[in-house]
Amino acid sequence: MNISKVWGVSFSPTKTSKKIVDAIASGIPGVERNSLDLTYPGKIEARTFKPEELVVIGVPVYAGRVAPLAVQRLKAIKGKTTPAVLVVLYGNREYEDALIELRDIAIRASFLPVAASAFIGEHSFSSSQIPIAPGRPDSVDLASAASFGRKVFKNISQLQDVSSLSCLQVPGNIPYKESMGPLPITPKVNQTACTHCGMCISTCPAGAITIDDALIMDVERCIFCCACIKTCPEDAVSIDAPPLQEKRLWLHENCAKRKEPELYY
Ligand SMILES: Cc1cc2nc3c(=O)[nH]c(=O)nc-3n(C[C@H](O)[C@H](O)[C@H](O)COP(=O)(O)O)c2cc1C
């Protein structure tokens, strides 16, 4: 079949999912490329993709599932038996039921999953003092993503019609494991160091940060993605509350061995 356009669709607070989606799309030769970012509230564009387009969909793993806010944002996109390449990004622990959940979301939205993958991204909770998969995806991961894109495209080009493909098998369990619940914590702001530059506000995917005389974090909205922490040019935002600091240390000690991308066709 002929593909007229490749779309990279991502929800990606700390940009690792977006990097891999873009790298997969970059491996696809000679076809117009476009992207749709579902990360930021107020900038989300609903779209139904055509049967002859190819859509690469990337989201992060939170607690072994698709990040709950990504599940909400993915409701903006639909296919029309549109071939889709799925990708979950995880922080070198496990991705558990996230890839099968993403496959099922894609099928329900009338996409046809033709390939899927799990890549590793620097863990959102990683810091320079307590690194977890620092610098991932690195150049090796990006090369692997581009080569995956090339191979998927070659496979699709050789098919008459993707709708005859059987359901793509990926790891994971149904019913899925329980999703993460709310946590009674938010990042803390060092109000003395904060210059009110607003970068954290524009990078927060949940619209959880507002500014009055001081920066205010909304505990109900915060999804703990840590985009504000990674973006702040003054290092004025941190999240060191006990449950999160314990988790960070556990991940640092127990998930240090490098994992490699997994690809499914
Ligand atoms: C609340 C939360 C839960 C997470 N749960 C997992 C997990 O279960 N397994 C894992 O390996 N990484 C986990 N991560 C790490 C992210 O999946 C990883 O950093 C991913 O690359 C982030 O994607 P993004 O850069 O597109 O935001 C979690 C991150 C957050 C913020």
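Counting starts at 1 for both ligands and their atoms, in listed order. Computed over heavy atoms, backbone and side chain alike; hydrogens, waters and symmetry mates excluded.
Sparse packing is recorded around NZ of Lys50, with 12 or fewer heavy atoms of other residues, nucleotides or ligands lying under 6.0 Å away. Within a 6.0 Å sphere centred on CG of Asn2, heavy atoms belonging to other residues, nucleotides or ligands number 12 at most.
When each atom of ligand 1 is checked for a heavy atom of His123 under 4.0 Å away, the hits are 12 (N), 13 (C), 14 (N), 15 (C), 19 (O), 28 (C), 29 (C). Each of the following atoms of ligand 1 lies closer than 4.0 Å to a heavy atom of Gly121: 21 (O). Numbered from 1 in the order shown, with element, the atoms of ligand 1 that lie under 4.0 Å from a heavy atom of Phe224 read 31 (C). Those atoms of ligand 1 with a heavy atom of Leu89 less than 4.0 angstrom away are 17 (O), 20 (C), 21 (O).
Taking the charged nitrogens against the carboxylate oxygens, Glu122 and Arg136 have no contact shorter than 4.0 Å, which rules out a salt bridge. Between Glu45 and Lys43 there is no salt bridge, since none of the side-chain N atoms of the basic residue sits less than 4.0 Å from a carboxylate O of the acidic one. Ion pairing of Asp138 with Arg258 is present here, as a side-chain N (NZ or NE/NH1/NH2) and a carboxylate O approach within less than 4.0 Å.
Close N/O approach between Phe125 and ligand 1 is not found [any backbone or side-chain N/O within under 3.5 Å]. Any N or O atom pair closer than 3.5 Å counts here, and Phe11 shares no such pair with ligand 1. Between Lys18 and ligand 1, no N or O atom pair is found at a separation short of 3.5 Å. Among the atoms of Thr16, some N or O lies under 3.5 angstrom from an N or O of ligand 1. Looking at Ala63 next to ligand 1, an N or O pair under 3.5 Å apart turns up. The shortest N or O to N or O distance between Val61 and ligand 1 is under 3.5 Å. Residue-to-ligand polar distances keep Pro60 apart from ligand 1: every N/O pair is separated by 3.5 Å or more. Residue Glu94 has at least one nitrogen or oxygen atom sitting less than 3.5 Å from a nitrogen or oxygen atom of ligand 1, judged on distance alone.
Relative to atom 19 (O) of ligand 1, the option among Lys177, Lys19, Glu122 with the closest non-hydrogen atom is Glu122. Distances from atom 11 (O) of ligand 1 to the heavy atoms of Ser17, Gly91, Cys222 show the closest one on Gly91.
Of the N and O atoms on the side chains of Glu96 and Tyr176, not one donor lies less than 3.5 Å from an acceptor on the other residue.
Atom 3 (C) of ligand 1 has as its closest protein heavy atom Tyr62 CA, 3.4 Å. In terms of protein heavy-atom proximity, atom 27 (O) of ligand 1 is nearest to Thr14 N, 2.9 Å. Among all protein heavy atoms, the one lying closest to atom 29 (C) of ligand 1 is Ser124 OG, 3.3 Å.
Lys151 forms a cation-pi arrangement with Tyr265, by the criterion of a distance under 6.0 Å to the ring centre and an angle within 45° of the ring axis.
Across all non-hydrogen atoms, the minimal contact from Asp97 to Lys177 is OD2-N, 2.6 Å.
Here the straight-line distance linking atom CD1 of Ile211 with atom SG of Cys200 works out to 7.0 Å at 0.5 Å rounding. Going from atom OH of Tyr90 over to atom SG of Cys255 covers 9.5 Å, rounded to the nearest 0.5 Å. To the nearest 0.5 Å, atoms NZ (Lys188) and OG1 (Thr186) are separated by 4.0 Å.
Side-chain rings of Phe153 and Phe148 stay apart, their centers remaining 6.0 Å or farther from each other.
Contact analysis puts Pro13 in contact with ligand 1, with a non-hydrogen atom separation below 4.0 angstrom. Contact annotation: Met180 has at least one heavy atom less than 4.0 Å from an atom of ligand 1.
Using a 4.0 Å cut-off between heavy atoms, Asn92 contacts ligand 1 through its backbone alone, with no side-chain atom that close.
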